[in-house]
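Here's the structure, in structure tokens; my notes come after.
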Amino acid sequence: MKQDKAEKIIQKAERKAAKAAKQVELAGKKAEAAKQKQAARAEKKAAQVAKNAEKKAAKHAKKAEQATKKAQLAAQKAQEKQAKVAAKIAAKALEGEEDGAGGKKKKGKKKLLLILIPVAVAAIGAGAFFFLKGGGEEEEAPLEPIPIPLEYLLNEVPITALPVTGDEVLVYQEEVPPEPPAEPEAQDGGKDEAGTPGEDGGAPAGEEGGEEEPAAAPAEEELGFTKILYRYEGLKNPRSLAAAYAAVMSTEDAGFSLVDETLLRIDPPESYGESGSLQLARNIPAGEDGTGGGVQSLLLSWEGTSCSVLLDMPEGRVHDPKPEAPVSGSTRRGLSDLEAIHPSKLGLPGESMEAYSMIPQEGSVRIAGAVCMRVNIYSAGNQFAGSYFLSNDGKLYKLDEAANAVVELEWE
């Protein structure tokens, strides 16, 4: 009995050991598969990066080749033009010799000018060669992808970044320098106006003395803000991503608002297209020492499988639209007017609003640029009859729940 029991225990232990060995073997296979999968993913990502780098390098090489050809053509044209000018100068110099000068003197000057022409042409050709060889601008190196950022840094203020994940997504960061200020155009005066010498060689007309006033030193213009551009490539649905990001950043905690190019707050669009752009901005208060502050702007653009975010600090302030001038007699519209209206105006049955109860809701909404109060109306038995909006400019709206839109109603 004891021997049989011991054998059973041994057999049971052997089965457990075999099962454990199989589990270990299976775990090892899973780990190896995961390792191979991770290596394949890394290899795929590296191949994608190399492919993008090759495309950009080819693009830059093509641009450099075009620039070289253009510079060679320009140098050739300049060389021909200089040769023509030199020949013209030489011809004029020969024609301008005085008749009383000796033949040898003329001949000597002609030889000297003819010698100077090929020297000038050679100098021009050498200058063009050195410009093309090493005097041009250095070719910019292609951008390398960066790790997906969790937040942006705009003027040392952190901002939540576009919520993107996935190994197939590539992110590039670059700076966009400000455009240089436009140079003022020179103003040419008339021949006989101030600044042109008179016929007698005296001072210009309109000036008593011959002294000229010193030109005012040009004012130094401050350089603009250097923008920061983030480009995302390989996205599956950039349109939905941009819409969701705009909704999150427009909350009270984030503090951004949807604005137009003048930083005027606007309503969000009803729908987003396959390609488009939108701008988010917020005001930043200045510090206690009076420094800092301004406006932070995020310009989102999307198309195909890519999306970009441009960080900027534009001039101005984010502001609300100016309220429209109220219609005469509409400033006193309120709950009392709603209680006195005929139910048919609201699309409700009955002859009087006394059969209904009105409950104003907390907060406010904006419709057509006007601030509105929402009022829910209930019939007898506490049955919901509809939602209505009273605007601060005296207008009345009804919520069409089926279409998820508001319809303006007439008071009278």
### Query
Should S308 and L229 count as side-chain neighbours, where that means a heavy-atom distance under 4.5 Å?
yes

### Task
State, with a plain yes or no, whether a side-chain heavy atom of L310 is found less than 4.5 Å away from one of I228.
no

### Message
With rounding to the nearest 0.5 angstrom, report the CD1 to OG distance, I341 to S336.
### Response
11.5 Å

### Task
With the side chain counted from C-beta on, respond yes when L311 and L298 share a heavy-atom pair under 4.5 Å apart, and no when they do not.
yes

### Task
Hey, could you give me the CD1/CD distance between I9 and E7, rounded to the nearest 0.5 Å?
10.5 Å

### Query
Taking atom types as modelled, is there a side-chain donor on T251 or D253 under 3.5 Å from an acceptor on the other?
no

#### Entry: Derivation of the side-chain contact (heavy atoms from CB on, under 4.5 Å) call for L396 and F389
CA-CA 6 Å; L396 176 62; F389 299 90; over 6 Å; no

### Message
Heavy-atom count check: over 12 atoms from other residues, nucleotides or ligands less than 6.0 Å from Q38 CD?
### Response
no

### Summary
For G316 and L263 the tightest heavy-atom approach is C-CD1, 4.0 Å

### Query
Any side-chain heavy atom of R366 within less than 4.5 Å of one from C372?
no

### Query
Would you find a donor on one side and an acceptor on the other, under 3.5 Å apart, between the side chain of D260 and the backbone of L264?
yes

### Message
As an exercise, state the distance from NZ of K51 to NZ of K44, rounded to the nearest 0.5 Å.
### Response
11.0 Å

### Carboxylate-amine/guanidinium proximity below 4.0 Å for E410 and K345
no

### Task
Considering non-hydrogen atoms only, spot the tightest contact between P349 and Y356 and give its length.
O-OH, 2.6 Å

### Message
Treating E303 as the side-chain partner and S301 as the backbone partner, does any N or O pair qualify as donor plus acceptor under 3.5 Å?
### Response
no

### Message
With heavy-atom distances below 4.5 Å as the criterion, would you say the side chains of K398 and V406 are in contact?
### Response
no

Sequence neighbours left out, cut at 3.5 Å: what donor-acceptor pairs do the side chains of residues 142-170 make with other protein atoms?
residue, atom, partner, partner atom, Å
Y152, OH, L162, N, 3.2
Y152, OH, Y232, OH, 2.8
D167, OD2, R41, NH1, 3.4

### Query
Is R231 salt-bridged to E233, cutoff N-O under 4.0 Å?
yes

### Where F256 and Q296 come nearest, the two heavy atoms and their spacing
CE2-O, 3.8 Å

### Query
When you look at K8 and K12, which way does the side-chain contact (heavy atoms from CB on, under 4.5 Å) test go after all the steps?
CA-CA 6 Å; K8 289 181 179 180; K12 189 175 180 180; over 6 Å; no

#### Entry: Side chain proximity check, L335 to P360, heavy atoms < 4.5 angstrom
yes

### Message
Any side-chain to backbone donor/acceptor pair from W302 onto L241? Under 3.5 Å, distance only.
### Response
no

### Query
Does some side-chain heavy atom of S250 sit less than 4.5 Å from a side-chain heavy atom of L280?
yes

#### Entry: From L278 atom CG to M249 atom CE, the distance as rounded to the nearest 0.5 Å
11.5 Å

### Task
First locate atom CD1 of I266, then atom CG of D320, and finally report the distance between them rounded to the nearest 0.5 Å.
12.5 Å

### Sidechain-backbone polar pair: S352 side chain, E354 backbone, donor-acceptor under 3.5 Å
yes

## Note on the structure
Minimal heavy-atom distance between A385 and S379, with the atoms involved, is CB-N, 4.4 Å

### Message
Under a 3.5 Å threshold, yes or no: a donor from one side chain and an acceptor from the other, between Q279 and S297?
### Response
yes

### Message
Looking at every heavy atom in both V295 and A281, which two are closest together, and how far apart are they?
### Response
CG1-CB, 4.1 Å

### Query
Do side-chain atoms of R282 reach the backbone of A254 as a donor and acceptor pair under 3.5 angstrom?
yes

### Query
Does the side-chain contact (heavy atoms from CB on, under 4.5 Å) test come out yes or no for K19 and R15, once each step is laid out?
CA-CA 6 Å; K19 187 177 180 181; R15 287 195 297 270; over 6 Å; no

### Query
Are the side chain of N283 and the backbone N or O of V318 linked by a donor-acceptor pair below 3.5 Å?
yes

### Query
Given the rule in the side-chain contact (heavy atoms from CB on, under 4.5 Å) test, do Y397 and S391 qualify, once you have shown the distances and angles that lead to the verdict?
CA-CA 8 Å; Y397 300 92; S391 68; 4.2 Å; yes

### Query
Rounded to the nearest 0.5 Å, how far does OG of S364 lie from CG of N392?
9.0 Å

### Task
Take E175 and K227 through the salt bridge (charged side-chain N to carboxylate O under 4.0 Å, His left out) test and state the conclusion after the steps.
CA-CA 6 Å; E175 292 185 350; K227 306 174 186 178; over 6 Å; no

### Query
Taking atom CG of D267 as the centre, does the number of heavy atoms from other residues, nucleotides or ligands within less than 6.0 Å exceed 12?
yes

#### Entry: Heavy-atom pair of closest approach, residues S306 and L235
C-CD1, 4.4 Å

### Task
Evaluate the side-chain proximity of L338 to L346: yes if any heavy-atom separation is below 4.5 Å, no if none is.
yes

